[in-house]
Asker: 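So that we are looking at the same thing, I have put the structure below in structure tokens.
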Amino acid sequence: MGRQVRTRYAPSPTGYVHIGNLRTALYEYLIARSMNGKFILRIEDTDQERLVEGAVDVIYNTLKVCGLKHDEGPDIGGPYAPYVQSQRKDAYLPFAKELVEKGHAYYCFCSKDRLDKMRSEAESRGETYMYDRHCLGLSKEEVEEKLAQNQPWVIRQKMPREGSTTFEDMVYGSITIENNMLEDQILIKSDGLPTYNFANVIDDHLMEITHVVRGSEYLTSTPKYNLLYDAFGWEKPVYVHLPLIVKPDGSKISKRKGDASFEDLVAMGFLVEAIINYIALLGWSPEGTQEVFSLAELEKAFDIRRISKSPSSFDMEKLRWFNAEYIRAMPPEKFHSLAMPYLEKSITDKSIDLAKVSKLLQKRTELLTEIPSKVGFFNSLEDYDLSIYVHKKMKTTLEISLESLKAALPILENLEPWNEESIHGTLLSLAETMGIKNGQMLWPVRTALSGWQVTPGGAIEIADILGKEESLRRIRIGIERLGRALS
RNA sequence: GGCCCCAUGGUCAAGUGGUUAAGACACGGCCCUUUCAAGGCCGUAUCAGGGGUUCGAAUCCCCUUGGGGUCACCA
């Protein structure tokens, strides 16, 4: 020990950030920060067939908006540059050759056709396919000859046939795998680039990564990597395998099945802070009962020992709650600026004071994207069913509603100035002098003003925002319609 | 199928041999109240099953069941 902690986030550029990958990045960041270490970004793009244009920018942007600042990476450089595997491609082959020299790896000239055929044959017999080591027995001369003939080749790792390999994982404990389960995996592909299985070991060593943090799907292949470390005589990193995040039905989250990626969630109206907070708690729990954490607080509280082993399911409802928590907790001005784009689009009437609408909305908004559906009545009064004037708990009927509106109209016509306070005062004292409950006055007024059964804000706030003229107009419409219905 | 891992309410989960088995989301009720929210209070609901070990198991061991992962010139 004593080495400075170094973690790395090593995504392959696919064009979007999977929610599980983001959590891995978050934990890597938190482990580094909580242990006073460095957080490194490395791009794993050794699969040339899966390259996606602009995908690296998506990764930079995600880390940036999430506040997961890396200490070293392709964009900012660092002492172990370059940080893109395709730019390090020449570094891997010498290591593979070293392994061949030492007898831990060998050249293989088997064609893809041969391999595919053997695989499908094995499958048809219901057996698990494993490379048959056809090329293991090649003599040095034979290898030289084939190489000289420019025959396509790969380099495979030679696995021990007997015994077992055990390693310690910080979250899963001791894991043992029988060596005869390990295939002679390919280290260098025929295009000359390393596979992930090889590159991650070389790079993690070269970059002095101390803690390898990744999803639990790598658990069973970790012994292969340790065998590589041993073959080189290198110090092995600490392993931290993370439980999977699954869907409510228990299946794996996948972009191909239309499951939300990080950017999808943002587009749905979720705040980055809420997403981070929520996924931090999927698979990790703090010591106390605190649930709302800023990134800075997570950096202090995070502890590898409190990562859980069992997979957890992604619960959109809980995420919504976190989102609402963050919305409610923010300063009104901040909420207003976030709500503005949605308000401007949905409220076309320029005389409406959008700041006042925001004030009404803040405690009632879980997702920014649901704002438009809540404010349409401000634009114009649509036709509404008169039955909404009748409310059992408010003790209103069509008759009472008509009476209340008729009584309120002249008083409001003469009201100066027109603001929340003055409207509040007159309407409530009117209810009192009429000997009716507040609700019997306010429910009909709110109904007439909005034409909606449910609105953000009550009669007083809505009247204030609509303004005197429009409010009176809507009340007159209510009186007219109720009057006709009752005659 | 072989191998590996996992298993506390519907969900996230605390718990590490002795607890009335926390807390949160969701759900239900009540209060507050000008609708709806927000807020406050209360409530329903969990140790997968079976064997052991022990004076005593959610906690330790074994088996069963269930779920997941992995078996590529993907990462």
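The chains referred to below are lettered A, B, ... by the order of the sequence lines, with proteins before strands, and numbering in each begins at 1. Note that the coordinates shown come from a computational prediction; the quantities given were computed from them, not determined experimentally.
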Asker: Can you tell me how far C1' in B:rG51 sits from the matching atom in B:rA57, rounded to whole Å?
Answerer: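 That atom pair is separated by 14 Å.
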Asker: Please report, rounded to the nearest Å, how far the C1' atom of B:rC12 is from the CG atom of A:Leu281.
Answerer: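 Taking atom C1' of B:rC12 as the reference, CG of A:Leu281 is at 8 Å.
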Asker: Paired with B:rA57: which nucleotide, if any, by Watson-Crick or G-U wobble criteria at under 3.5 Å for both distances?
Answerer: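 Partner of B:rA57: none.
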Asker: Figure out the CD1/P separation between A:Ile307 and B:rC5, and round it to whole Å.
Answerer: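 Going from A:Ile307 (CD1) to B:rC5 (P), I get 18 Å.
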Asker: Give a yes/no verdict on a cation-pi contact between A:Arg320 and A:Tyr278, requiring under 6.0 Å between NZ or CZ and the six-membered ring centre and an angle within 45° of the axis.
Answerer: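 Cation-pi check for A:Arg320 and A:Tyr278: fails.
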Asker: Measuring only the C1' atom in each nucleotide, how far is B:rC74 from B:rG50? A whole number of Å is fine.
Answerer: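 Nearest-Å result for B:rC74 against B:rG50 at atom C1': 42 Å.
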Asker: I'd like to know if the side chain of A:Ser422 pairs up with that of A:Asn419 as donor and acceptor (distance under 3.5 Å, no hydrogens or angles considered).
Answerer: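 Judged by distance alone, the side chains do pair up.
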Asker: Return the nucleotide paired to B:rA38: Watson-Crick means purine N1 to pyrimidine N3 with N6-O4 or O6-N4, wobble means G-U with N1-O2 and O6-N3, both under 3.5 Å.
Answerer: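 Here B:rA38 is not engaged in any pair, so there is no nucleotide opposite it.
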Asker: To the nearest Å, how far apart are A:Met316 CE and B:rC12 C1'?
Answerer: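 Result: 15 Å.
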Asker: Holding to side chain to side chain donor-acceptor pair (under 3.5 Å), I want the full list of residues that pass it with A:Glu470, two or more places apart in sequence or in another chain.
Answerer: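 In terms of side chain to side chain donor-acceptor pair (under 3.5 Å), with neighbours along the sequence ignored, A:Glu470 is linked to A:Arg473, A:Arg474.
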Asker: By the salt bridge (charged side-chain N to carboxylate O under 4.0 Å, His left out) test, which pairs, at least two apart or in different chains, include something from residues 176-199 of chain A?
Answerer: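 Residue pairs with at least one partner in residues 176-199 of chain A: A:Arg133-A:Asp184.
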Asker: Could you list all the salt bridge (charged side-chain N to carboxylate O under 4.0 Å, His left out) pairs where at least one residue sits in residues 214-228 of chain A, not counting sequence neighbours?
Answerer: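 Found none.
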Asker: Hey, are A:Asp204 and A:Arg42 close enough for a salt bridge, meaning a charged N less than 4.0 Å from a carboxylate O?
Answerer: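 So A:Asp204 pairs with A:Arg42 through a salt bridge.
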Asker: With both distances kept under 3.5 Å, what pairs with B:rA7, Watson-Crick or G-U wobble?
Answerer: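 Partner of B:rA7: B:rU65.
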Asker: Would you mind telling me which of B:rC3, B:rC6, B:rC25 lies closest to the side-chain atoms of A:Lys318?
Answerer: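 Closest nucleotide to the A:Lys318 side chain: B:rC25.
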Asker: Given the C1' atoms of B:rA14 and B:rG9, what is the spacing between them in whole Å?
Answerer: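 It comes out at 13 Å once rounded to the nearest Å.
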Asker: Encode nucleotides 29-44 of chain B as B, S and - characters from 5' to 3', where the letter depends on protein heavy atoms closer than 4.0 Å: B to the base, S only to sugar-phosphate, - to neither.
Answerer: -----BBBBSS-----
Asker: When you compare B:rU53 with B:rC62, how far apart are their C1' atoms, in angstrom units rounded to a whole number?
Answerer: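 Going atom to atom, C1' in each nucleotide, I get 11 Å.
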Asker: Suppose you measure atom C1' in B:rU11 against the same atom in B:rU70; what distance do you get, rounded to whole Å?
Answerer: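 Here B:rU11 and B:rU70 have their C1' atoms 27 Å from each other.
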Asker: What residues from residues 396-408 of chain A pass a heavy-atom cutoff of under 4.0 Å to RNA chain B?
Answerer: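 Here the set is empty: none.
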Asker: Give me the distance, rounded to whole Å, that separates B:rG23 from B:rC42 when you measure between the P atoms they each carry.
Answerer: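 Roughly 10 Å separates the two P atoms.
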Asker: Could you state the CG-P distance from A:Leu319 to B:rC12, rounded to the nearest angstrom?
Answerer: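 Going from A:Leu319 (CG) to B:rC12 (P), I get 14 Å.
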Asker: Could you give all pairs that pass the side chain to side chain donor-acceptor pair (under 3.5 Å) test and reach residues 156-172 of chain A, with sequence neighbours left out?
Answerer: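 Listed once each, the pairs are A:Gln157-A:Gln185, A:Thr165-A:Asn179, A:Thr166-A:Thr176, A:Glu168-A:Ser174, A:Asp169-A:His241.
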Asker: Among all residues two or more places apart in sequence or in another chain, which pass the side chain to side chain donor-acceptor pair (under 3.5 Å) test with A:Lys247?
Answerer: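 Partners of A:Lys247 by the side chain to side chain donor-acceptor pair (under 3.5 Å) criterion, ordered by chain and then number, come out as A:Asp259.
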Asker: Report yes if at least one side-chain N or O of A:Arg306 is closer than 4.0 Å to OP1 or OP2 of B:rG15; otherwise report no.
Answerer: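 True: A:Arg306 side-chain N/O within range (under 4.0 Å) of B:rG15 OP1/OP2.
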Asker: Both distances below 3.5 Å, Watson-Crick or wobble geometry, any strand: find the nucleotide opposite B:rC12.
Answerer: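 By the stated definition (distances under 3.5 Å), B:rG23 pairs with B:rC12.
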Asker: Check the distance between B:rC5's C1' and A:Glu168's CD and give it to me in whole angstrom.
Answerer: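 One finds 15 Å between C1' of B:rC5 and CD of A:Glu168, rounded.
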Asker: Distance criterion of 3.5 Å, no angle test: do you see the side chain of A:Lys309 paired donor-to-acceptor with the base of B:rA7?
Answerer: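 Checked by distance alone, the answer is no.
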Asker: Who passes salt bridge (Lys or Arg N to Asp or Glu O under 4.0 Å) against A:Arg306, sequence neighbours left out?
Answerer: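 Counting only residues at least two positions away or on another chain, A:Arg306 forms no salt bridge (Lys or Arg N to Asp or Glu O under 4.0 Å).
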Asker: What's the OH-P distance between A:Tyr278 and B:rC12, to the nearest Å?
Answerer: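 Whole-Å distance recorded here is 8 Å.
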Asker: Could you say whether A:Glu178 or A:Gly283 is positioned toward the 5' end of RNA chain B, judged by the nucleotide with the nearest heavy atom to each?
Answerer: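 Final value for this comparison: A:Glu178.
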Asker: Check for me whether A:Lys236 meets the cation-pi criterion with A:Tyr229, that is, NZ or CZ under 6.0 Å from the six-membered ring centre and within 45 degrees of the ring axis.
Answerer: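 No, A:Lys236 does not lie over the aromatic ring of A:Tyr229.
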Asker: Could you check how far OH of A:Tyr172 sits from P of B:rC6, rounded to whole Å?
Answerer: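 Rounding to the nearest Å, OH of A:Tyr172 and P of B:rC6 are 7 Å apart.
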Asker: Taking B:rC30 as the reference, what is the distance to B:rG69 when you measure between their C1' atoms (whole Å, please)?
Answerer: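 That atom pair is separated by 47 Å.
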Asker: With sequence neighbours left out, what residues match A:Asp385 under side chain to side chain donor-acceptor pair (under 3.5 Å)?
Answerer: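 Scan of A:Asp385 (side chain to side chain donor-acceptor pair (under 3.5 Å), adjacent residues dropped) gives A:Ser387.
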Asker: Sugar-phosphate atoms are those with a prime plus P, OP1 and OP2; base atoms are the rest. Using that split, label each nucleotide of nucleotides 67-75 of chain B B, S or - for protein heavy atoms under 4.0 Å, 5' to 3'.
Answerer: -SBSBSBBB
Asker: Using the C1' atom as the point on both nucleotides, what is the distance between B:rC47 and B:rA22, in whole Å?
Answerer: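 The same atom, C1', in both gives a distance of 14 Å.
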Asker: Does B:rU70 have a Watson-Crick or wobble partner in any strand here, with both distances under 3.5 angstrom, and which is it?
Answerer: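 B:rG2 - that is the nucleotide pairing with B:rU70, both distances being under 3.5 Å.
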Asker: Check the distance between B:rC4's P and A:Tyr239's OH and give it to me in whole angstrom.
Answerer: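 One finds 19 Å between P of B:rC4 and OH of A:Tyr239, rounded.
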Asker: Give the nucleotide from the list B:rU11, B:rC4, B:rA14 with an atom nearest to the side chain of A:Asp315.
Answerer: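 Among B:rU11, B:rC4, B:rA14, the one nearest the side chain of A:Asp315 is B:rU11.
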Asker: Sequence neighbours left out, what pairs pass side chain to side chain donor-acceptor pair (under 3.5 Å) with at least one residue falling in residues 113-122 of chain A?
Answerer: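 Only A:Arg114-A:Asp132 qualify under side chain to side chain donor-acceptor pair (under 3.5 Å).
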Asker: My understanding is that only residues two or more places apart in sequence, or in another chain, count here; which of them pass salt bridge (Lys or Arg N to Asp or Glu O under 4.0 Å) with A:Glu461?
Answerer: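 Testing A:Glu461 for salt bridge (Lys or Arg N to Asp or Glu O under 4.0 Å), a comparison that skips the adjacent residues, returns none.
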Asker: On RNA chain B, does the nearest nucleotide to A:Leu282 precede the nearest nucleotide to A:Gly288 from the 5' side, or the other way round? Give the residue.
Answerer: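 Nearer the 5' end of the strand: A:Leu282.
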Asker: Quiz question: by atom type and distance under 3.5 Å, do the side chains of A:Tyr83 and A:Asp203 form a donor-acceptor pair?
Answerer: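 Note: A:Tyr83 and A:Asp203 side chains miss the donor-acceptor criterion.
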